[in-house]
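Residue indices begin at 1 and follow the sequence shown. Quick caveat: nothing in here was measured; it's all calculated off a predicted structure.
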Amino acid sequence: MTDPVDPMTTFVALCAEGARRFGDDPRAIANFVENEIARLSQTERRQLKEQLTLLTDGGGSQKPTM
């Protein structure tokens, strides 16, 4: 499921798979995505974090709360 060229493709694929599996449950989707990211190699995790940081302007994010 990982794309060594574009970490964001991996992230989008994980989000889509989480939505497919868990439907309208943001917490379950977020947990799924986080668990799958944790299974990536250290290099892939670093690249993904760098890409997400660029998108969020380094502001960070919070998990949805319910």
Inset, instruction - Report the C-alpha separation of Phe22 and Asn31 in whole Å, then their side-chain angles, then the decisive distance to 0.1 Å, and conclude whether the side-chain contact (heavy atoms from CB on, under 4.5 Å) test is met. - result: CA-CA 10 Å; Phe22 302 105; Asn31 287 337; over 6 Å; no

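Rounding to the nearest 0.5 angstrom, the gap separating the CG atom in Leu40 from the CG atom in Leu48 is 7.0 Å. Separating the CD1 atom in Ile37 from the CD atom in Glu44 is a distance of 10.5 Å, to the nearest 0.5 Å. The structure places CG of Asp25 at 8.0 Å from CZ of Arg27, a figure rounded to the nearest 0.5 Å.
Between Phe11 and Cys15 there is a side-chain heavy-atom pair separated by less than 4.5 Å. Between Gln47 and Thr10, every side-chain heavy-atom pair lies at or beyond the 4.5 Å cut-off.
With sequence neighbours left out, Glu50 forms a side chain to side chain contact (heavy atoms under 4.5 Å, CB included) with Arg46. Among residues two or more places apart in sequence or in another chain, the salt bridge (charged side-chain N to carboxylate O under 4.0 Å, His left out) test is passed with Arg45 by none. For Ala19, the side chain to side chain contact (heavy atoms under 4.5 Å, CB included) criterion is met by Ile29, not counting sequence neighbours.
Counting all heavy atoms, side chain and backbone alike, Leu14 lies closest to Phe32 at O-CE2, 3.4 Å.
Leu55 and Val12 are members of different hydrophobic clusters when ILVMFWY side chains are connected at heavy-atom separations under 4.5 Å.
Panel note: side chain Glu36, backbone Val33; no donor-acceptor pair is recorded below 3.5 Å.
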